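A short worksheet on the structure shown next.
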Amino acid sequence: MSRPVLSSKQVLRKLAHLYGVQIAYYDVLQRRRSASTRTLLAVLQSLGAPVITLNDVSSAWRERQQQMWRQTMPPVVVARDGEPPVIDLRLPHGIADSDVVGHLFLENGQLLSRKWKGFDLPIMETAEVEGIRYAVKRLTLSSELPIGYHRFVLQLPEACPETLVIVAPPKAYIPVTETEERVWGLFLPLHALHSRKSWGIGDFGDLDALVAWVAKSEGRVVGTLPLLTSSEGAANPSPYMPSSRLLWNELYLDMAAIEGPSGNNSTDSMLASPEFQKELKMVRSMPLVDYRRLMTLKRRVLEKLCRPWCNEASNLEALERFAQERPVVDDYARFRAAIEKHGARWRLWPQPLRGGVLGDGDYDEALRRYYLYVQWLTHQQVDTLSRRARERGVWLYLDLPVGVHPDGYDAWREGSVFVADAEAGSPPDIVFTKGQNWSFPPLHPERIREEGYRYFVAYIRHHMQHAGILRIDHMMSFHRLFWIPKGLEASQGAYVRYPSEEMYAIAALESHRNKTIVVGEDLGTVSPEVRPDMSRHGLHRMYIIHYELESDRPQLLPRITPSHIASLNTHDMPPFAAFWRALDIPERLKLGLLDKSAARIACEKRRSLQRRLIAFLREKGWIRSDAVDARTLLSACLAFLSASRARVVLVNLEDLWLETKPQNVPTTQEEYPNWRRKARYSLEKFSQMAGVIDTLRMVNYLRKKRR
């Protein structure tokens, strides 16, 4: 019986499946949305498939099948602690029954070798591909392997393929002591935090002072936005578009904590000069952060400190030793120096320089030394900050963004694992009806595996070595990411799948090594498998009151569990007072994010929601007065969260003085000063405000009572 002839579009769908591209998805209203032929061809091309038109898909499908069956072992294998790693070997028929020898190089340096009888290995599958017969045979390693990253090499007659064996704990790190079970903390973007001594933007010293105040108030967590280095000359200061996920931002240096060379009179004179003091006073008094102006000001001082400091032999020796111990920092310093010679957009550099490698003549050595010095200072201050936080019993709650700037260091240096001709985003939903294009290049799901997750491990580890809690932005990216081919609209993308089990295993392994709690941002359009998988791997979920209220579930506020990190809102939402007064709706109308009809419906829905929320909190006993204003409702909502079983209750500091201006309005650029607004009150001021102190005492009391 002959097989039916498939059409080109049917073969295209089969090819998409082989590459992990979803041909359709279900939107927030559970409507099936199919990717167009144009989109599928473009995404497949981005993944490396040899396709341009539908005429190419049949040959590409055959080539892909051959490629998959010629791969003797998968590049990565995962096993949970106490379970034996299982490796499926794809072998041509001629050697399928031959004896095989394998060498396992453990992370600790130990070598384990073993020989398997080919006839004893169970056959899992057989197939014939392009005239060649294959058998899949299962090879099982020891169940006594330590957790870690191990390398398994298979010795065959004509090749020695290898695979990365990740042995990980079953779940991510979870504290077990009673005092760590019901804690609270404060959240504030570092750019918004300011004190008497800061230079127009919060710095690591201010963050340390906030940690000290929270610890004194019996809080256990201090959270902020990503602290990563930004792209040179970037117009968008978003902390979610960093230059690198491997380096901290020197803009947050505490200038008062930097020790210069003894007798550095030129620096002292510059700092004391009327011109400098006038500029410093100006940036301190501005209500918005001027990033470029601030970095220019700080750089003037840092360059003055760097030159004489590096002239001392012992200092220069320590700096070069730092560079040798952290090659990525030295490489980054060369990259930043090359930017000043060739321009901020590395994709426009001369061709040899675009590949992630620089020669000595491609940058100025003095500039390389300056950027190395600045990163040395930054690493020192972050190390001190995290050490002092641990000593005070406070967890730093750090944030790991899902992407990086296309003109930044990571996209340049790690170009092999990024996809240059696609951008990540999200499909249309109720709020963003045209979809969102986040403008950063997605990671290639196969290439990160082929490189043994080297880059992924590096940026996870970079954060976890300092974080007591790590929030993973857009947790869904462990499963799938919405790719938008360049030149197409945000609504014309398609989902590409990622090896979630391997990524979860790395997160669990690194979290145990660093004793870091992991929380995944699981808001918005979430595929059905994401939350069960998060639970299975021990990741915490986010419980956001604003988000829960906007859902269409019959239960107004669902049950809070110990696996939740709970708060009123996020940095992408209006502050509580603005939400309560519905001030965000006319603002969205003004910005063109809503039309008049949608704004009217939103206002009606908000009034209904307010009535239901008050009734709910009255029923639970958190509101007892007849008159309800914004502060009464704020206290009641925080009491509801604080008395819950959530592991952490995170309080947005700005909510405590009923701030109405948001830090970020998603999808806006110049229309709103995103990521620039300073907090209304300084650290010295809000730490003495009765309303702030009294509310936090209530939160602390209910958290301790729950314990």
Side-chain angles (χ1 to χ4, degrees), residues 182-189 192 214 217 219-225 397 399 469 471 519 521-524 540-551 553 555-561 564-585 587 606 609-610 612-614 616-618 620 622-623 628-666 677 679-680 686 689 691-703 706:
R182 305 284 185 272
V183 301
W184 67 271
L186 290 179
F187 167 84
L188 187 68
V214 168
S217 304
R220 291 289 309 280
V221 181
V222 170
T224 191
L225 297 178
Y397 181 108
D399 201 345
I469 303 175
R471 174 190 180 270
V519 54
E521 186 267 299
D522 59 337
L523 309 176
H540 289 67
R541 291 181 51 200
M542 297 186 70
Y543 187 102
I544 309 297
I545 277 193
H546 285 194
Y547 182 80
E548 299 295 343
L549 291 174
E550 292 284 9
S551 71
R553 287 188 295 267
Q555 187 178 358
L556 187 66
L557 289 174
R559 185 171 60 93
I560 304 176
T561 73
H564 279 118
I565 308 293
S567 59
L568 295 177
N569 44 42
T570 73
H571 56 269
D572 283 332
M573 297 176 179
F576 183 85
F579 179 83
W580 170 244
R581 296 169 185 163
L583 300 179
D584 57 306
I585 297 172
E587 183 69 18
R606 188 69 58 83
L609 187 151
Q610 290 167 351
R612 293 176 62 207
L613 179 58
I614 291 171
F616 174 86
L617 293 171
R618 275 211 175 99
K620 299 295 181 181
W622 300 118
I623 292 180
V628 177
D629 58 11
R631 181 161 295 283
T632 302
L633 195 64
L634 170 73
S635 297
C637 286
L638 287 176
F640 167 74
L641 293 179
S642 301
S644 75
R645 300 176 66 206
R647 184 172 302 280
V648 178
V649 170
L650 200 61
V651 181
N652 184 342
L653 189 52
E654 292 189 293
D655 282 334
L656 299 182
W657 56 75
L658 302 179
E659 180 60 64
T660 58
K661 295 182 181 298
Q663 284 291 343
N664 177 50
V665 178
R677 188 178 58 75
R680 190 177 301 270
F686 69 67
M689 291 170 63
V692 171
I693 294 171
D694 290 345
T695 304
L696 293 182
R697 281 176 178 164
M698 179 268 292
V699 169
N700 186 52
Y701 169 77
L702 291 172
R703 292 266 80 194
R706 184 68 191 177

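Both backbone and side-chain heavy atoms feed into the values below; hydrogens, waters and symmetry mates do not. Keep in mind that this is a model prediction, so the values were computed, not measured.
Between L617 atom CG and I623 atom CD1 the span is 4.5 Å, to the nearest 0.5 Å. Between atom NE2 of residue H571 and atom CG of residue L225 there is a gap of 6.0 Å, rounded to the nearest 0.5 Å. Distance CZ/R581 to CG/D629: 8.5 Å, rounded to 0.5 Å. The distance from the OG1 atom of T695 to the CG atom of D655 is 10.5 Å, given to the nearest 0.5 Å. In this structure, OG1 on T561 lies 8.0 Å from NE2 on H540, to the nearest 0.5 angstrom. Between atom CZ of residue R182 and atom CZ of residue R220 there is a gap of 13.5 Å, rounded to the nearest 0.5 Å.
Side-chain atoms of I545 and L613, non-hydrogen and from C-beta on, never get closer than 4.5 Å to each other. Contact annotation: the side chain of R618 approaches that of V628 to within less than 4.5 Å [non-hydrogen atoms, C-beta and beyond]. Side chains of S642 and W622 form no contact here, defined as non-hydrogen atoms less than 4.5 Å apart. When side chains are defined from C-beta on, L609 counts as touching F579, because their heavy atoms get closer than 4.5 Å. E654 places none of its side-chain heavy atoms less than 4.5 Å from the side chain of R680. In this structure the side chain of L656 reaches within 4.5 angstrom of the side chain of L638, judged on heavy atoms. With contacts defined as side-chain heavy-atom distances shorter than 4.5 Å, the pair C637/F576 qualifies. Here the side chains of I469 and R471 are not in contact, with every heavy-atom distance at 4.5 Å or above.
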Quick one: do D399 and T224 satisfy side chain to side chain contact (heavy atoms under 4.5 Å, CB included)? Show the steps, please. CA-CA 7 Å; D399 201 345; T224 191; over 6 Å; no
Could you give me the CA-CA distance, side-chain angles and deciding distance for L658 and W580, then say whether side chain to side chain contact (heavy atoms under 4.5 Å, CB included) is met? CA-CA 10 Å; L658 302 179; W580 170 244; over 6 Å; no
With side chain to side chain contact (heavy atoms under 4.5 Å, CB included) as the criterion, how do M542 and D522 come out once you've worked through the C-alpha distance, each side chain's angles and the decisive distance to 0.1 Å? CA-CA 7 Å; M542 297 186 70; D522 59 337; 3.8 Å; yes
For side chain to side chain contact (heavy atoms under 4.5 Å, CB included), just list the numbers for Y397 and V648, CA-CA rounded to whole Å, side-chain angles, deciding distance to a tenth of an Å, and then say yes or no. CA-CA 11 Å; Y397 181 108; V648 178; 5.7 Å; no
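Taking each heavy atom of D584 and A578 in turn, the nearest pair found is OD1-O, 3.6 Å. Listed here is the closest heavy atom pair of L650 and V221: CD1-CG1, 3.9 Å. Among all heavy-atom pairs drawn from G691 and R631, the shortest one is O-NH1, 4.3 Å. Looking at every heavy atom in both residues, N569 comes nearest to I544 through CA-CG2, 3.5 Å. Nearest heavy atoms, S635 versus M698: O-CE, 3.4 Å. When every heavy atom of M573 is checked against every heavy atom of H546, the shortest pair comes out as SD-CB, 3.7 Å.
With T570 contributing its side chain and D572 its backbone, the two residues share a donor-acceptor pair below 3.5 Å. One N or O on the side chain of Q663 and one on the backbone of R677 form a donor-acceptor pair closer than 3.5 Å. A distance-only check finds no donor-acceptor pair linking the side chain of S567 to the backbone of V651 [under 3.5 Å].
F640 and Y543 have tilted rings, their planes meeting at an angle from 30° to 60° on a 0 to 90° scale.
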